[in-house]
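Written out below as structure tokens is the structure these notes cover.
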Amino acid sequence: MSEANTSETAAVSIRHLSKSFDDVEVLRDVELEVKTGEVVTIIGSSGSGKSTLLRCINWLEKPDRGSIHIAGQRIGVHDDGRPMPVRELAKVRAQTGMVFQGFNLWPHLNVLHNVTEAPIHVQGKSKREAEELATALLEKVGMSQKHDSYPNTLSGGQKQRVAIARALAMQPAVMLFDEPTSALDPELVGEVLAVIKDLSAEGYTMVMVTHEMAFARAVSDQVVFLEKGLIIERADPETFFTTPKTDRVRKFLENHDTPSSA
Amino acid sequence: MNASAWNMLLEGAWTTVWISAVSIAIGVVAGLVIALIRLARIPIIDQLLVLYVSVARATPLVTLALFIFLSAPDLGLDLNRSVAGILALTLNTTAFNAEIWRSAFRNFSREQSEAAMATGMTPWVTFRRIMLPQMVITSLPGLVNEMSFLIKGSPAIAVIGIVDLTRVTNRISAVTYEPLPPILVAGALYMAIIGCLVWLQRLAERRANRLAM
């Protein structure tokens, strides 16, 4: 219980997190604290473990060691090591909203029902209540005109904006973005980033894996650099992008052609 | 053909329809349950189900119907003909349906289930609200195919004395000495029954287009 108390104020608190796939250590003793209202960006080259770290937060990947608390509640296992029953795990997971690289909308449901599905069938909201909420969220992401459309008729950018509304509908304590623009055509990236930027301005707590350096610099409160499963650098965006401490990050930033100012 | 011959044909058609419908209804659901249990890979139970599926798929319906009907008294069961017939058809079709459902499970997008779990759905809600509705649509062509095989194979249950749509044509021609007219009518009735199924399948195909992302 003591561990839960110390992390009560944090939206996400990760301690001593380790994870291996077969023989490869993808996460090594990762520590990360995300305060409520904070935007944390995870950066690193592919294979550095950033997506795995994000997916551990809502237990889509099961870490080997360490603990994760979401809004003070431990996820996945109890403090005595017992695995969490599925219902309990689902309840903690509902405290996180996730946006995937590949959108992962449910194709048999129209846009409105993609957003109302979880509030109705997880939180037990009434249909009317859920639809009012969904209508407001779809307006926020600029998809008001598309309530009745099915996902296969939408562009990638539109799909991702619906996926963001779907995740927001559970009113989670933290939003997790797993490379939300990597699968988009370049001309559609902007509309999705604009929505995420609005959310950060509204004070949403977010953890984001991204390759959009200028964007990371503009919205982040904290930037974390992951290399071979280790956090080798963490700083506020100004410090991180202008005066990185390690050669590794300096080199990475050179290759990513970061703009000189946000 | 006189009025009583027509009457007999319609009665035979009704027998075929209700016995098939009951077998299909049980077989579709039982097939899904077996596919679900097999997903859990429970030792021994899994092997038993594999054995059942391969035996049931390899056994001719006539043999199965005879075996069930004749062995029931030895097992102390008092099965009437209809129940034995339904049991034979169900055991047969369930095995095929289980394989159809299982492949629908295997091909279901992991990303979509992850998105469901990420919103806080339990595995059961994910299955009921996200997977099953799509699996029904993608499996329906296979399931309807299997349903029409069952209806076309159903004359096999005449071997245990059920007077179905095919058997009744024999009885009529035994009196009229004109085998062709009742057979032709029976053929038309089979086509009408299967036609209803195909119409159902078209309906599903229209919805299936949405799932192609």
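Order of the sequence lines sets the chain letters (A, B, ...), proteins ahead of strands, with each chain counted from 1.
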Check your understanding: Quick one: are B/E146 and B/T93 in side-chain contact, heavy atoms under 4.5 Å?
Key ->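 Yes - at least one pair of side-chain heavy atoms lies under 4.5 Å apart.
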Point to revise | Side chains of B/R171 and B/V163 in contact at under 4.5 Å (non-hydrogen atoms) | key: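 B/R171 reaches B/V163 side chain to side chain.
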Check your understanding: A/A165 and A/V115: which non-hydrogen atoms are nearest, and at how many Å?
Key ->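 Shortest heavy-atom contact: O-CG1, 3.8 Å.
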Check your understanding: Closest heavy-atom contact between A/N110 and A/Y150?
Key ->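 Minimum heavy-atom separation between A/N110 and A/Y150: N-CE2, 3.5 Å.
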Point to revise | NZ/NE/NH1/NH2 to OD/OE distance under 4.0 Å, B/R102 and B/E99 | key: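 A salt bridge links B/R102 with B/E99.
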Exercise for review: Determine, for A/D198 against A/K140, whether the closest basic-nitrogen to carboxylate-oxygen distance falls under 4.0 angstrom.
Suggested key: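 Salt bridge absent between A/D198 and A/K140.
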Point to revise | All pairs passing salt bridge (charged side-chain N to carboxylate O under 4.0 Å, His left out) where residues 105-119 of chain A contributes a residue, at least two apart | key: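 Checked against salt bridge (charged side-chain N to carboxylate O under 4.0 Å, His left out) - neighbours excluded - the pairs reaching residues 105-119 of chain A are A/E117-B/R129.
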Would you find a donor on one side and an acceptor on the other, under 3.5 Å apart, between the side chain of [X] and the backbone of [Y]?
| X | Y | result |
| --- | --- | --- |
| B/S54 | B/V50 | yes |
| A/T210 | A/E212 | yes |
| A/S13 | A/A10 | no |
| A/R161 | A/G142 | yes |

**Study point:** Cation-aromatic face contact B/R81/B/F69, 6.0 Å, 45 degrees
**Key:**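 No; the conditions do not both hold, so B/R81 does not lie above the ring face of B/F69.
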Residue-level interface, [range] with chain B, non-hydrogen cut-off under 4.5 Å:
| range | answer |
| --- | --- |
| residues 166-183 of chain A | A/R166, A/M170 |
| residues 85-95 of chain A | A/V86, A/R87, A/A90, A/R93, A/A94 |
| residues 52-59 of chain A | A/R55, A/N58 |

Review point. Side chains of A/E191 and A/Q160: is there a donor and an acceptor less than 3.5 Å apart?
Key: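 Looking only at side-chain atoms, A/Q160 and A/E191 do not form any donor-acceptor pair under 3.5 Å.
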